[in-house]
Visitor: 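Before we start, here is the structure in question, set down as structure tokens.
Every chain is numbered from 1 and lettered A, B, ... according to where its sequence line falls, protein lines coming before strand lines. Worth knowing before you read on, the calculation uses all heavy atoms, side chains too, and leaves out hydrogens, waters and symmetry mates.
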Protein chains: 2
Amino acid sequence: MTERSSSKAQAIVSEVRRRIVDREWRQGDRIPDEAELAVEFGVARATVNKALQLLAEEGLLDRKRRAGTHVTVNPARKATLTIPIVREQIEQAGMEYSHRVIAQRRSPLPAEIAARMALPEGRELIHLRTVHYGGDRPFQVEDRWINPGAAPGAEAVDFQRITANEWLVRNFPWLHADMAFSAENASARDARLLETRQGSALLILQRTTFNDLGAITSVRVAFHPGYTMIATH
Amino acid sequence: MTERSSSKAQAIVSEVRRRIVDREWRQGDRIPDEAELAVEFGVARATVNKALQLLAEEGLLDRKRRAGTHVTVNPARKATLTIPIVREQIEQAGMEYSHRVIAQRRSPLPAEIAARMALPEGRELIHLRTVHYGGDRPFQVEDRWINPGAAPGAEAVDFQRITANEWLVRNFPWLHADMAFSAENASARDARLLETRQGSALLILQRTTFNDLGAITSVRVAFHPGYTMIATH
DNA sequence: TTCATCTCTATGTCTAAACTTATTTTGGCG
DNA sequence: CGCCAAAATAAGTTTAGACATAGAGATGAA
């Protein structure tokens, strides 16, 4: 093992990864079992197990009881995205954060959002439209529905003072979230709020979060044109 | 612990998550240390450790030596995306997969791509443009650069027969990948290849992969209008 | 042959105990 | 009072050993 690393398990991860990348172990090959690797690396089997589980999670290895561990043939590419908090993202870029609530009222749920939130169409929820600015330039517009059934107290909050996101995140941890990325041509309203021309391509993030009481909130975020979301693996 | 679950660690994960969601433990609170929880749940400390590490990875807990474990105040939202293999995605949708190579030649690297691949501008790489179809409708267009320096043998491959993605994935596992999502208005060429009108909003995925020899490939994928990429957490 | 059942094996999980290490707290010293 | 060193603490890691369990392969009956 040429790798030096903080932990033995990490060293094994690196070494196994190297063997795969260097094609000593090829796609589809069965690799030695945990007990053998434990002897080879001079560690306990539990340590090998931990390392191989990490690599399996990463998608490089396929592990099955009795069948052993194989190098994945067609590794599906996984990537972890971190959805930053708007305020933090803007402030990290050295700009001044501000936001403006365009509308806040109770409205009946449209069908599309109702489906996403698994709530009956027409149910009255809090509907919020907000623009977030970095300096004096619009950064993103959000169109949010909040379910007071799962987030009691939401009716009484003044979302001019605290952003809906921050209030929700602080008060209603969620169990599960659905997310979807897509691209849309800016509508007249999007364009006006983002101060861009109608039709420009916008990255859209649609996110719905749930706790044990049901859907907490569903939000559609439209980023300013040119915005790029980064992920690594 | 009301949760029944396959493993003790998973049961602890569920129970701790419940306590957080039910606000028995609030954002910022310090939770009992591993030893105490081990006693409470009647398991070994290593089992509690495993459970809490999972929750920390998920972003619900902050752990620091000596300082203890706290409920994260502003959990940054993480999501795991799986980038499917085009062929599999199309075939799963019950459509027939096909692809057409529009161009395959050696060309000097433009500056933008060179920066992404950490290669000198002007270096000659293999440049490939491909359209992937589901049935008779274009599904995505890819514009790919392949570095034979990190992927030897690429010059000799006929990418009409096997897609570049499949050939690369089968032969050159990577160590690291950069990914970026954005939205662009379809250029005249994009529009023609995707059989849509110029200017329609396209979801763009830009991905560059590296092995120990450097950048293997950098690809820009433009999805057909309306395409949505899903993630859950 | 084909199907059901048994056996065996490699991974999955857990434990108790020890040691390591980052970080906070404390307490002494100037 | 401020600074630094020492002590204490909670998480991080590893180990040897044990038992659980999925599932591939062997065996045998119909």
Visitor: Could I get the full list of ring-ring contact (aromatic ring centres under 6.0 Å, His included) partners for Tyr133(A), not counting sequence neighbours?
Guide: none

Visitor: What ring-ring contact (aromatic ring centres under 6.0 Å, His included) pairs are there with at least one residue in residues 13-38 of chain B, not counting sequence neighbours?
Guide: none

Visitor: Can you measure from OG1 (Thr47(A)) to CD (Gln10(A)) and round to the nearest 0.5 angstrom?
Guide: 12.0 Å

Visitor: Using a 4.0 Å cut-off to any heavy atom of chain B, which nucleotides of DNA chain C are the first and last in contact, reading 5' to 3'?
Guide: dT13(C) to dT25(C)

Visitor: Between which nucleotides of DNA chain D, read 5' to 3', does contact with chain A run, using atoms under 4.0 Å from its heavy atoms?
Guide: dT13(D) to dG25(D)

Visitor: His132(B) vs His99(B) aromatic rings, parallel, tilted or perpendicular, using cut-offs 30° and 60°?
Guide: parallel

Visitor: List in numerical order all residues of residues 32-40 of chain A for which some heavy atom is under 4.0 Å away from an atom belonging to DNA chain C.
Guide: Asp33(A), Glu34(A)

Visitor: Only pairs at least two apart or in different chains count here, so list each salt bridge (charged side-chain N to carboxylate O under 4.0 Å, His left out) that has a residue in residues 131-154 of chain A.
Guide: Glu142(A)-Arg144(A)

Visitor: Are Asn165(B) and Thr130(B) side-chain neighbours, meaning at least one heavy-atom pair lies under 4.5 Å?
Guide: no

Visitor: Angle between ring planes, Phe181(A) versus Phe181(B), binned at 30° and 60°: parallel, tilted or perpendicular?
Guide: parallel

Visitor: Does any non-hydrogen side-chain atom of Ile162(A) lie less than 4.5 Å from one of Arg170(A)?
Guide: yes

Visitor: Please list, chain by chain and in numerical order, all residues satisfying salt bridge (Lys or Arg N to Asp or Glu O under 4.0 Å) with Asp22(A), sequence neighbours excluded.
Guide: Arg18(A)

Visitor: Can you give the donor-acceptor pairs under 3.5 Å from side chains of residues 55-69 of chain A to other protein atoms, not counting sequence neighbours?
Guide:
unit_1, atom_1, unit_2, atom_2, d
Glu58(A), OE1, Arg17(A), NH2, 2.9
Glu58(A), OE2, Arg17(A), NE, 3.3
Glu58(A), OE2, Arg17(A), NH2, 3.4
Arg63(A), NH1, Thr69(A), OG1, 2.8
Arg63(A), NH2, Glu34(A), OE2, 2.4

Visitor: How bent is the helix from dT1(C)-dA30(D) to dG30(C)-dC1(D), comparing axes over its five end pairs at each side, to the nearest 10°?
Guide: 10°

Visitor: Is there a side-chain contact (heavy atoms from CB on, under 4.5 Å) between Glu36(B) and Asp33(B)? Walk through the geometry before answering.
Guide: CA-CA 5 Å; Glu36(B) 288 175 64; Asp33(B) 67 36; 3.5 Å; yes

Visitor: Looking at DNA chain C, which of residues 43-55 of chain B put a heavy atom within less than 4.0 Å of it?
Guide: Val43(B), Ala44(B), Arg45(B), Ala46(B), Thr47(B), Lys50(B)

Visitor: Given the rule in the side-chain contact (heavy atoms from CB on, under 4.5 Å) test, do Leu205(B) and Met179(B) qualify, once you have shown the distances and angles that lead to the verdict?
Guide: CA-CA 7 Å; Leu205(B) 165 59; Met179(B) 294 194 3; 3.9 Å; yes

Visitor: Counting only heavy atoms and a strict 4.0 angstrom limit, can you tell me which residues of residues 62-74 of chain B come near DNA chain D?
Guide: Arg63(B), Lys64(B), Arg65(B), Arg66(B), Gly68(B), Thr69(B)

Visitor: Around atom CD of Glu155(A), are there more than 12 heavy atoms from other residues, nucleotides or ligands closer than 6.0 Å?
Guide: yes

Visitor: Counting only pairs under 3.5 Å, give me each side-chain donor-acceptor contact of residues 79-90 of chain B, with atom names and distances, residues two or more places apart or in other chains.
Guide:
unit_1, atom_1, unit_2, atom_2, d
Arg87(B), NH1, Glu166(B), OE1, 2.6
Arg87(B), NH1, Glu166(B), OE2, 3.1
Gln89(B), NE2, Tyr227(B), OH, 2.8

Visitor: For residues Val221(A) and Phe223(A), determine if any side-chain heavy atom of one lies less than 4.5 Å from a side-chain heavy atom of the other.
Guide: yes

Visitor: Check whether any side-chain heavy atom of Pro75(B) lies under 4.5 Å from a side-chain heavy atom of Val169(A), and answer yes or no.
Guide: yes

Visitor: More than 12 foreign heavy atoms under 6.0 Å from CZ of Arg23(B): is that the case here?
Guide: yes

